[in-house]
Visitor: 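I have a structure here, written as structure tokens, and I will follow up with some questions on it.
Keep in mind that what you see is a predicted model, and the values were worked out from it rather than measured.
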Amino acid sequence: ANLPRQAVDVYEEAAALQSAPPGRLLRALGALVALRQDAETTRLRKLLAAHEGTLSIEQETALRVLDAEIALRKGDRETAQKLYGQALAKNPLQPDALMGLADMLRDDRIYDEALALYERALSVDSLRIPALSAQAQIAVAREDYAQGALLVRKALKIAPSPELEKYLSG
């Protein structure tokens, strides 16, 4: 059985009866995006469009991030970058938008802008290690190996990681 399809069928029925809470639709959309269920993602996204004017700022921000992830999956980096920027305009410390946009900029070798976002991400506890690791990657890409090693050591002080330790021993 195709559970994601069945779940969206139920949400469509609830929406027809105007009893589908936008928060629940948003959580379901997040799960579908994570599961890479593109057809169901598209169906549920259409249901959410009817609620866009009623979403809280937090929900709007989460929706922009999910829309950015959907755009990235379709290869539309420009739209994804714009959507991540909109999410950050509403919440400058939104974790997925911060790391998503910073990672895109790093991948595009727009290092100074990426570093500024990673620096901001350091103030979010759950992002400290990924942000330090990404900063280290940029340092290495710029051939500043001493800075890269310093950043990896900072990350290791927060939480030991065999994966990160390889960078220092290799």
Visitor: Hey, what do you get for CG (L25) to CG (L48), rounding to the nearest 0.5 Å?
Guide: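 L25 CG to L48 CG: 5.0 Å, rounded to 0.5 Å.
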
Visitor: Would you compute the distance between atom CG of L101 and atom CG of L83 and round it to the nearest 0.5 angstrom?
Guide: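 These two atoms lie 10.5 Å from each other.
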
Visitor: Are L55 and L63 close enough, and set up right, to give a side chain to side chain contact (heavy atoms under 4.5 Å, CB included), and what steps lead you there?
Guide: CA-CA 9 Å; L55 298 177; L63 184 57; 3.7 Å; yes

Visitor: Extract all donor-acceptor atom pairs below 3.5 Å that involve side chains of residues 72-80 and protein atoms in other chains or at least two apart in sequence.
Guide:
residue : atom : partner : partner atom : Å
R73     : NH1  : V33     : O            : 3.4
R73     : NH1  : D38     : OD1          : 3.0
R73     : NH2  : V33     : O            : 2.7
D76     : OD1  : T79     : N            : 3.1
D76     : OD1  : T79     : OG1          : 3.1
D76     : OD2  : T79     : OG1          : 2.6
R77     : NH2  : M104    : O            : 3.3
R77     : NH2  : D108    : OD1          : 2.8
R77     : NH2  : D108    : OD2          : 3.2

Visitor: Can you name the salt bridge (charged side-chain N to carboxylate O under 4.0 Å, His left out) partners of E60, sequence neighbours left out?
Guide: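 Result, salt bridge (charged side-chain N to carboxylate O under 4.0 Å, His left out) vs E60: K90.
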
Visitor: Under 4.5 Å between side-chain heavy atoms, counting indirect links through other Ile/Leu/Val/Met/Phe/Trp/Tyr residues: same cluster for L115 and L105 or not?
Guide: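 Per the 4.5 Å side-chain linkage, L115 and L105 are co-clustered.
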
Visitor: Has Q37 got a side-chain atom pairing as donor or acceptor with E40's backbone, closer than 3.5 angstrom?
Guide: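 Judged by distance alone, no pair lies under 3.5 Å.
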
Visitor: Do L122 and L98 share a hydrophobic cluster, counting only Ile, Leu, Val, Met, Phe, Trp and Tyr and linking them when any side-chain heavy atoms are less than 4.5 Å apart?
Guide: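 No, no single cluster joins them.
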
Visitor: How far does OG1 of T42 sit from CD1 of I70, to the nearest 0.5 angstrom?
Guide: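 Interatomic distance, T42 OG1 to I70 CD1, rounded to 0.5 Å: 7.0 Å.
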
Visitor: If I compare all heavy atoms of P95 with all of L127, which pair ends up nearest, and what's the gap?
Guide: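 For P95 versus L127, the nearest heavy atoms are CA-CD1, 3.7 Å.
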
Visitor: How long is the gap from OG on S133 to CG on L156, to the nearest 0.5 Å?
Guide: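 The CG atom of L156 is 8.0 Å from OG of S133, to the nearest 0.5 Å.
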
Visitor: Please name the pair of heavy atoms, one in M99 and one in P130, separated by the smallest distance, quoted to 0.1 Å.
Guide: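 Heavy atoms only, the tightest pair is CE-CB, 3.7 Å.
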
Visitor: In Å, rounded to the nearest 0.5 Å, how long is the span from CG of L132 to NZ of K157?
Guide: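 Between atom CG of L132 and atom NZ of K157 there are 11.5 Å.
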
Visitor: Tell me whether Y145 shares a hydrophobic cluster with L150, the cluster being built from Ile, Leu, Val, Met, Phe, Trp, Tyr side chains joined at under 4.5 Å.
Guide: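 Y145 and L150: separate clusters.
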
Visitor: Determine whether V65 and L44 fall in the same hydrophobic cluster, where Ile, Leu, Val, Met, Phe, Trp and Tyr are linked whenever their side-chain heavy atoms lie under 4.5 Å apart.
Guide: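 No.
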
Visitor: What closest approach, in Å, do A136 and G148 show between heavy atoms, and which atom pair accounts for it?
Guide: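 Smallest interatomic distance, heavy atoms only, reads CB-O, 3.6 Å.
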
Visitor: Please report the closest heavy-atom contact between T61 and A87, naming both atoms and the distance.
Guide: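 Minimum heavy-atom separation between T61 and A87: CG2-O, 3.6 Å.
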
Visitor: Do Q147 and Q135 have side-chain atoms, one donor and one acceptor, less than 3.5 Å apart?
Guide: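 Side-chain D/A pair, Q147 to Q135: absent.
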
Visitor: So does S123 get a backbone contact from the side chain of R128, meaning a donor-acceptor N/O pair under 3.5 Å?
Guide: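 No.
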
Visitor: To the closest 0.5 Å, what do you measure between CG (L151) and CD1 (I129)?
Guide: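 L151 atom CG to I129 atom CD1 measures 13.0 Å (nearest 0.5 Å).
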
Visitor: Report the C-alpha distance between D112 and R106 in whole Å, list the side-chain angles of each, state the deciding distance to 0.1 Å, and finish with yes or no for salt bridge (charged side-chain N to carboxylate O under 4.0 Å, His left out).
Guide: CA-CA 9 Å; D112 291 337; R106 182 195 64 211; over 6 Å; no

Visitor: Is it the case that one hydrophobic cluster holds both L66 and L88, taking links as side-chain heavy atoms less than 4.5 Å apart, direct or via other members?
Guide: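 In one cluster with L66: L88, no.
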
Visitor: Assess the side chains of D103 and Y84: does a donor N or O sit below 3.5 Å from an acceptor N or O?
Guide: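 Judged by distance alone, the side chains do not pair up.
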
Visitor: Decide, yes or no, whether a salt bridge links E52 with R45 under the criterion of side-chain N to carboxylate O below 4.0 Å.
Guide: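 Result for this pair is yes, salt bridge flagged.
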
Visitor: Show the nearest heavy-atom pair for residues R120 and P92, with the distance to one decimal.
Guide: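 Result for this residue pair: NH1-O, 2.9 Å.
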
